[in-house]
> 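Sharing a structure below in structure tokens format, with a few things to ask.
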2 protein chains.
Amino acid sequence: MSISSRFAVAIHILALLDINKEGRNTSEFIAGSVNTNPVVIRRVIGLLGKAGLVHTSPGVGGASLARLPREINLLEVYRAVQNDPPGELFAAHDKPNPKCLVGRNIQETLDTVFKRAESAMENELAKVTLDQIVFDLVRGDQ
Amino acid sequence: MSISSRFAVAIHILALLDINKEGRNTSEFIAGSVNTNPVVIRRVIGLLGKAGLVHTSPGVGGASLARLPREINLLEVYRAVQNDPPGELFAAHDKPNPKCLVGRNIQETLDTVFKRAESAMENELAKVTLDQIVFDLVRGDQ
DNA sequence: ATCACCTGTAACCATTGTAGTTACAATTGT
DNA sequence: ACAATTGTAACTACAATGGTTACAGGTGAT
Ligand code: FES
Ligand code: FES
């Protein structure tokens with residue numbers, strides 16, 4: 001299955017926080033932009049907050065970036081909103097038969113390959129920073 | 001969420017077909033090795049068959065590789081058993097608000113980044129062939 | 001021809017992750 | 001006090017997954 005759209009939504013939110021940094025970005029306002037429910041936004045922002053990427057103001061309302069856009073890369077965002085722990089992009093089939101030559105060794109063999117593939121993907125995400133996203137976004141609008 | 005364990009199972013099956021190429025590899029025999037239900041195996045083998053990676057013998061029973069292990073790489077296996085079409089590893093959030101600067105352009109911007117990350121992962125899979133897997137498997141058993 | 005064995009596939013189930021929604025306590029500025 | 005907003009719990013609907021039973025149809029052996 002696909003990687004959760006929380007990731008896309010998270011990037012959307014962060015980009016919006018940067019672009020609209022003058023305004024007050026309440027979950028309802030953001031929800032209007034993303035076109036979803038405010039609670040969905042608050043959930044994602046909660047994850048981003050735990051990861052130290054955004055600050056929120058309970059009571060007063062609104063969220064803001066906790067770092068410069070240049071210092072936030074997509075791998076951090078990915079990790080923040082991803083439920084599965086790192087190294088488990090590919091599911092292993094559990095309890096292979098230890099009496100079987102393949103079963104005894106497949107896990108370790110696959111682990112190496114899977115980790116390599118996963119890292120390759122993550123490295124690409126790590127290369128991209130939020131300010132590049134925003135730049136691309138604004139440029140695309142002209 | 002993780003990528004389906006069908007991928008891991010498929011690799012397991014293919015490795016077994018190569019290693020046990022003398023014997024008759026029925027779905028029941030393979031299921032014993034993988035430690036799952038024969039129907040699960042037949043389902044995966046069905047997908048591998050459609051992709052031209054294995055041959056099966058209805059009636060008589062058993063499956064075998066349709067190509068040399070050296071000529072099967074893991075990307076082909078991945079594609080064979082993956083339900084989601086290529087280019088959709090990352091889910092986009094649909095219907096972003098076109099009245100919003102971010103919403104208008106986020107899809108295209110993300111698409112570029114996501115495709116790059118997905119390709120990086122797939123390139124790693126493409127580098128690995130079945131005979132490398134089998135080699136690693138057998139070596140690990142000693 | 002019958003028989004045992006196997007594949008291919010449909011049908012069903014339980015489990016899980018996801019996204020949307022309602023509801024509400026707690027927080028904060030006015 | 002009051003209005004607005006966050007953080008969270010609870011519930012729903014939905015889709016993918018993996019396991020399971022069942023069975024029609026193919027194939028070789030006797
Ligand atoms: S245990 Fe996975 S194939 Fe033998
Ligand atoms: S943030 Fe996704 S549409 Fe404005």
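Please read these numbers as outputs of a predicted model, since none were measured by experiment. Order of the sequence lines fixes the chain letters, A, B, ..., with proteins taken first and strands second; residue numbering starts at 1 for each chain.
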> Sequence neighbours left out, what passes side-chain contact (heavy atoms from CB on, under 4.5 Å) with Arg79(A)? Give chain and number order.
Leu75(A), Pro86(A), Glu122(A)

> What are the two closest non-hydrogen atoms of Leu110(A) and Ala8(B), and how far apart are they?
CD1-CB, 3.9 Å

> Quick one: Ile45(A) CD1 to dA19(C) C1', roughly how many Å, whole number?
16 Å

> Can you sort out the partners of Ser119(B) under side-chain hydrogen bond (donor to acceptor under 3.5 Å, both in side chains), two or more places apart, ordered by chain and number?
none

> Closest-nucleotide mapping onto DNA chain C: is Asp84(A) or Val40(A) further toward the 5' terminus? I mean the 5' end.
Asp84(A)

> Taking only the side-chain heavy atoms of Arg43(B) (C-beta and beyond), determine which of dT21(C), dT18(C), dA11(C) contains the nearest atom.
dA11(C)

> Of Ser57(B) and Gln82(B), whose nearest nucleotide on DNA chain D comes first from the 5' end?
Gln82(B)

> State whether Ser4(A) places a side-chain N or O below 4.0 Å from either non-bridging phosphate oxygen (OP1 or OP2) of dG17(C).
no

> Taking CD1 from Ile30(B) and P from dC6(C), how many angstroms apart are they, rounded to a whole number?
12 Å

> Is there a side-chain contact between Thr36(A) and the phosphate of dG20(C), meaning an N or O under 4.0 Å from OP1 or OP2?
yes

> Calculate the interatomic distance between Asn35(A) atom CG and dA19(C) atom P; express it in whole Å.
14 Å

> What is the distance, rounded to the nearest whole Å, between atom CG of Leu47(B) and atom P of dT9(C)?
10 Å

> Closer to the 5' end of DNA chain D via nearest nucleotide, is it Gly59(A) or Lys50(A)?
Gly59(A)

> Tell me if a side-chain donor or acceptor on Asn25(A) pairs with a main-chain N or O of Asn20(A) at a distance below 3.5 Å.
yes

> Using atom CD of Glu28(A) as one end and atom C1' of dT22(C) as the other, report the distance to the nearest whole Å.
14 Å

> For chain A and DNA chain D, what are the first and last nucleotides along the strand, 5' to 3', with at least one atom under 4.0 angstrom from a heavy atom of the protein chain?
dA4(D) to dT17(D)

> Please step through salt bridge (Lys or Arg N to Asp or Glu O under 4.0 Å) for the pair Lys127(B) and Glu124(B), ending with a clear verdict.
CA-CA 5 Å; Lys127(B) 281 183 196 166; Glu124(B) 287 301 313; 2.9 Å; yes

> Any non-hydrogen side-chain atom of Leu53(A) less than 4.5 Å from a side-chain atom of Leu65(A)?
no

> Can a side chain N or O of Arg24(B) be found less than 4.0 Å away from OP1 or OP2 on dC6(C)?
yes

> Separation of Ile41(B) atom CD1 from dG8(C) atom C1', in whole Å?
14 Å

> Taking all heavy atoms of Ile45(A) and all of Ala63(A), pick out the closest pair and write down the distance.
CD1-CB, 4.1 Å

> For DNA chain C, whose closest nucleotide is more 5', that of Arg42(A) or that of Ser5(A)?
Ser5(A)

> Starting from C1' on dA19(C), measure out to CZ on Arg6(A) and report it in whole angstrom.
9 Å

